[in-house]
A.B. asks: 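The following block contains the structure, expressed as structure tokens.
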Amino acid sequence: MTAASSVFAGRRKTIGLIAVEVAGPLAVFYGLRGAGAGQLPALLAGGVLPATRAVHGIVTQRRVSGVALFVLATMSLTVAMSFVTGSPRVLLVRNAWGTAALAMWMLLTLLRAHPFLYEARTFMPPDQQASWDAGWRRFPAFRQLLRRLTAIWGAAFAADAAIRVLMALTLPIDLVPALDDGLLVVTLAFLVATQRLYGGRHLRKHGLGRRGAEIYRLSDEAHP
């Protein structure tokens, strides 16, 4: 597979993930609400798409991944609790569980040899992965940066989870699904902006530059 085809496949996978995990459930919920369905049935129907995707992954890959197991477990638990309590707000809190788990995982990677943002190189084409690995091996400042940014990502998603719980428990139910997706956009935009501004400043402070996935010394650029 060429680098271009690898990038295209990665983008197609990302678009599919967004459609199933974000846009699909939102469309189902508001479509059913517009047709007169109750809040609880509409929320349950919206959760079918992510659950179906998780089951499909288990069947096609013939193994149970941690992500698929987490999706099915949280969906099953929240559905059971919603029927016991009779409150659709229990289902709304489900999104916060996933965000909180992601935040915890990111922060726990700081205790390992490689933090989350180093491991994220697996989403890059092979040549960019090699450049990322080389930067990690050669430059302590780059390693420090990835650890600091991973801590920022973890803290941001923890705050995201707390806000989701607050919205689910206090705001009008019909408003929360749209706000959930809007919050994800805001959180990701904040992280991307922070990563670019702080990351660029940190690298320049230590005499380094970045070109795509390549980390290099600024002095090397000045004296080829």
Side-chain angles (χ1 to χ4, degrees), residues 13-61 63-110 116 150-191:
K13 183 177 180 181
T14 300
I15 292 173
L17 180 64
I18 293 174
V20 173
E21 299 289 343
V22 179
L26 200 63
V28 170
F29 173 76
Y30 285 112
L32 289 176
R33 288 293 289 149
Q39 292 171 331
L40 185 57
L43 286 170
L44 287 171
V48 169
L49 286 177
T52 302
R53 181 177 180 273
V55 172
H56 179 265
I58 293 173
V59 173
T60 56
Q61 298 176 15
R63 65 184 182 87
V64 182
S65 68
V67 174
L69 184 62
F70 179 78
V71 169
L72 292 176
T74 54
M75 188 63 187
S76 300
L77 181 59
T78 50
V79 168
M81 290 175 63
S82 66
F83 278 119
V84 171
T85 62
S87 173
R89 293 191 182 276
V90 175
L91 283 175
L92 291 175
V93 174
R94 182 179 70 89
N95 289 334
W97 291 17
T99 308
L102 180 60
M104 183 178 298
W105 173 56
M106 289 178 175
L107 295 174
L108 286 176
T109 64
L110 294 172
F116 164 75
T150 293
I152 292 172
W153 275 68
F157 274 105
D160 180 288
I163 294 173
R164 288 178 190 277
V165 172
L166 184 62
M167 292 193 306
L169 297 180
T170 61
L171 295 180
I173 292 173
D174 285 338
L175 187 61
V176 175
L179 290 179
D180 265 349
D181 289 350
L183 179 59
L184 177 61
V185 172
V186 171
T187 300
L188 291 177
F190 164 77
L191 287 170

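Keep in mind it's a predicted model, so treat the numbers as computed, not measured.
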A.B. asks: Could you list the residues that satisfy salt bridge (Lys or Arg N to Asp or Glu O under 4.0 Å) with R89, not counting sequence neighbours?
C.D. replies: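 Salt bridge (Lys or Arg N to Asp or Glu O under 4.0 Å) check on R89 returns nothing, list empty.
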
A.B. asks: Holding to side chain to side chain donor-acceptor pair (under 3.5 Å), I want the full list of residues that pass it with T150, two or more places apart in sequence or in another chain.
C.D. replies: none

A.B. asks: Minimum heavy-atom separation for L26 and A178, please, with both atom names.
C.D. replies: CD1-N, 3.7 Å

A.B. asks: Which heavy atom of V93 sits nearest to which heavy atom of A168, and what is that distance?
C.D. replies: CG2-CB, 3.7 Å

A.B. asks: Drop me the distance from L179's CG to L184's CG, to the nearest 0.5 angstrom.
C.D. replies: 12.5 Å

A.B. asks: If you define the side chain from C-beta out and look only at heavy atoms, does anything of L102 sit under 4.5 Å from W153?
C.D. replies: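 L102 vs W153: side chains apart.
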
A.B. asks: If you measure from CZ on F116 to CG on L108, what distance do you get to the nearest 0.5 Å?
C.D. replies: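 The distance works out to 13.0 Å.
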
A.B. asks: Please report, to 0.1 Å, the donor-acceptor pairs under 3.5 Å made by any side chain of residues 154-166, with sequence neighbours excluded.
C.D. replies:
from	atom 1	to	atom 2	distance (Å)
D160	OD1	R164	NE	2.4
D160	OD1	R164	NH2	3.4
D160	OD2	T187	OG1	2.7
R164	NE	T99	OG1	3.3
R164	NH1	D180	O	3.1
R164	NH1	D180	OD1	3.2
R164	NH2	D180	O	3.3

